[in-house]
2 protein chains.
Amino acid sequence: MEEMTPAKPRGAGGRKAASWTQDPEGVRRNILAVARAEFVENGLSGARVDEIAAKTSTSKRMIYYYFGDKEGLYRAVLEEMYARIRNFERSLDLAVLPPREAIATLAGFTFDYHADNPDFVRLVMVENIHHARHLENSAKIGELNLSVIDMIREIYERGRREGAFREGLDPIDIHLTISALSFYNVSNRASIRQVFGHDMGAPGARERRRASTIDTVLRMLAS
Amino acid sequence: MEEMTPAKPRGAGGRKAASWTQDPEGVRRNILAVARAEFVENGLSGARVDEIAAKTSTSKRMIYYYFGDKEGLYRAVLEEMYARIRNFERSLDLAVLPPREAIATLAGFTFDYHADNPDFVRLVMVENIHHARHLENSAKIGELNLSVIDMIREIYERGRREGAFREGLDPIDIHLTISALSFYNVSNRASIRQVFGHDMGAPGARERRRASTIDTVLRMLAS
DNA sequence: TGTTAATTGTACGAACTGGTTCAATTGGTC
DNA sequence: GACCAATTGAACCAGTTCGTACAATTAACA
C-alpha cells in the first residue's frame with residue numbers, strides 16, 4: 001500500500017495499484033486501432049513499435065503478448081482492414097436493381113468507400129510496396145474477395161442479355177476500371193496536388209470526379 | 001613523418017594505390033542508379049544507406065560528399081525520375097494527329113510508359129505515402145508538369161470543335177482518367193495478383209488491359 | 001479455493017543505422 | 001608548379017529500435 005495515486009492502479013514492481021477490468025478484446029482493438037494509424041501514416045518500416053505502444057492505453061509488453069512481433073501486428077491490421085471491405089461488399093444488394101443502375105450504384109459506392117477510407121487505400125499502397133508478401137502469408141485473406149467479381153459478372157450478364165450492355169467484356173476488367181478510378185484519386189492525392197495544384201479532396205472536385213467515374217464506367221459498358 | 005606505413009603507396013588510412021579517373025558525373029549517376037533501385041524496392045525509410053553504398057562502385061563517403069544526407073539522395077532520385085517523364089512527354093507530338101487518334105496515342109503511350117517503368121510508379125507511390133513532402137521541397141519540379149494538361153486541352157478543344165468529342169469535359173479530368181487507368185495496374189499489381197489471382201504483368205493481360213484503357217478513354221470523350 | 005489468463009512497468013541489450021572523422025593522394029586546369 | 005575538386009577506406013559514434021527479462025498482481029471462472 002505504498003502508492004495512493006488515485007486512479008492509477010499498479011501491479012508488480014512498482015506498478016499501479018490495481019483496479020482494472022480484464023478486457024482482452026478491448027486491449028486488442030485499442031492496439032490495432034493505434035497500430036493502423038501508425039502503419040498507415042508511416043508504412044511498415046517507418047512505423048515505430050515504441051511510438052505505437054506510447055499511443056496505446058496499454059504497454060509495449062501487451063503488443064508482443066498479443067501479436068508476437070511487429071510483422072504480426074502489421075498482418076493483424078491488414079487482415080482487419082480486408083475484413084472490413086469484405087463486409088462492405090457483402091452489404092451491397094445490387095441484384096434487385098436494373099443492370100445500369102446496379103453498375104452505377106456499385107461504382108458510386110466503391111468510389112465513396114475509397115474516398116471515405118483513405119486509411120484503407122494507404123495500407124493497400126504500403127502492402128503493394130512490399131509486393132503483397134503479407135497478404136500472401138495471411139491465410140485469412142484470399143477466397144473472400146472473389147465476391148465482387150461474381151457480383152459484377154451477374155450484373156453484366158443480366159445487362160448483356162437485356163441488350164443494355166455490349167458483348168465481350170471481362171468482369172475483372174470492369175472491376176479494375178472501377179477500382180482504378182476510385183483508388184487513384186486517393187492514393188495519388190498528394191502528388192496530384194503538388195504537380196497540378198489540384199486537390200482531389202476538396203468537396204467540389206471529389207463530387208465532379210465521382211460523377212465522371214460513374215459516367216465513364218457506364219460508357220465503357222454501354223452497347 | 002608521423003605516417004610510417006611501410007612502403008605502400010597509399011592514401012590515408014590504408015587506401016589502395018592510386019590510378020583512377022576523375023569522373024564526377026559518372027560517380028553521381030552510379031550512386032543515383034543504385035539508390036533508385038533501393039528506394040524503389042524498400043521505400044525511403046526501408047532503404048539503407050550502407051546497403052546503397054555497398055552496391056555502389058564507390059563508397060558511403062561519396063554519397064554524403066555529393067548528396068549531403070539520405071533525404072538529399074532521395075530527393076535527387078525523385079528529381080531525376082520526374083525529369084525523365086517530362087522528357088517523355090515532350091517527345092510526344094500529337095498536334096499533327098486527328099483528335100481521336102491523338103488521344104488514343106496519348107493514352108497508349110501513357111499506359112506503356114507506366115507498364116515499362118514500374119520503378120517510376122513505385123517511386124510515386126513511395127512519395128505519396130510521404131504526402132509528397134519531398135516534391136514540395138524540390139523547386140525543380142512543378143511548373144514543368146503542366147505540359148500534359150495543355151496538350152490534352154489542345155487536343156480536346158480541337159476535337160470538340162470538329163464534333164468528334166462531346167462538350168463540357170475538363171482536361172484535368174481526362175488526364176486523371178488516363179493516369180488512373182495506366183497507374184493502377186502497375187501500382188497494385190501485387191495485391192491484384194494476391195486477391196484475384198490475376199497477373200497484370202503477363203503479356204496477354206497487359207495487352208488486353210491496354211486496349212481496354214484506350215477504348216474506355218475514347219468512349220469517355222465520344223460525342 | 002485454486003488455477004490460468006490478463007495485466008502492469010521498467011529497464012536493458014544487442015544489433016542496426018545515419019552520419020562523421022581522420023589522413024592522404026591523385027586528376028585536371030590555369 | 002600551384003591549387004582545388006575528386007577520391008580513397010575504414011573506423012567510429014551517438015542515437016535508435018526491436019524485442020526480452022524480470023517480478024508481481026489481479027480478474028475470471030470452475
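Lettering follows sequence order; numbering is per chain, from 1.
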A/Glu127 side chain near A/Phe39 side chain, heavy-atom distance below 4.5 Å: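 SC-SC contact between A/Glu127 and A/Phe39 ruled out.
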Protein-nucleotides 28-30 of chain C N/O pairs closer than 3.5 Å?
none

Sorted by number, the residues of residues 27-34 of chain A with heavy-atom contact under 4.0 Å to DNA chain D: none
Could you state the atom-to-atom distance from [atom1] of [X] to [atom2] of [N] in whole Å?
X: B/Tyr74; N: C/dG18; atom1: OH; atom2: C1'; result: 18 Å
X: A/Tyr64; N: D/dA21; atom1: OH; atom2: C1'; result: 14 Å
X: B/Asn42; N: C/dT17; atom1: CG; atom2: P; result: 11 Å
X: B/Glu38; N: C/dG18; atom1: CD; atom2: P; result: 11 Å
X: B/Leu73; N: C/dG19; atom1: CG; atom2: P; result: 10 Å
X: B/Lys70; N: C/dC16; atom1: NZ; atom2: C1'; result: 12 Å

Check: A/Arg90/A/Asn87 side-chain N/O donor and acceptor closer than 3.5 Å: yes
Check: B/Thr56/B/Asn30 side-chain N/O donor and acceptor closer than 3.5 Å: no
Less than 4.0 angstrom from a charged side-chain N to a carboxylate O is my criterion; do [X] and [Y] meet it?
X: A/Asp199; Y: A/Arg189; result: yes
X: A/Arg75; Y: A/Glu79; result: no
X: A/Arg206; Y: A/Asp116; result: yes

base_contact_polar (D/dG19 base, A/Lys60 side chain, donor-acceptor, <3.5 Å): yes
Please name the pair of heavy atoms, one in [X] and one in [Y], separated by the smallest distance, quoted to 0.1 Å.
X: A/Met125; Y: B/Ile129; value: CB-CD1, 4.0 Å
X: B/Ser212; Y: A/Asp173; value: OG-OD2, 2.7 Å
X: A/Ser191; Y: B/Val124; value: OG-CG1, 4.1 Å

Phosphate-side-chain proximity, B/Tyr65 and D/dA6, N/O vs OP1/OP2 below 4.0 Å: yes
Nucleotide of C/dT10, D/dG19, C/dG18 approaching A/Arg61 most closely (side-chain heavy atoms): C/dT10
Listed nucleotide nearest any side-chain atom of B/Pro24, set D/dT7, C/dA6, D/dG19: D/dT7
Whether A/Ser91 side chain and A/Phe88 backbone form a donor-acceptor pair below 3.5 Å: yes
Any donor-acceptor pair under 3.5 Å from B/Arg153 side chain to B/Pro171 backbone: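 The answer is no, because no donor-acceptor pair under 3.5 Å joins these two groups.
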Strand-adjacent residues in residues 44-52 of chain B, judged by heavy atoms under 4.0 Å from DNA chain C: B/Ala47, B/Arg48, B/Val49, B/Asp50
Sugar-phosphate, base or nothing in reach of B/Tyr66, heavy atoms under 4.0 Å: sugar-phosphate
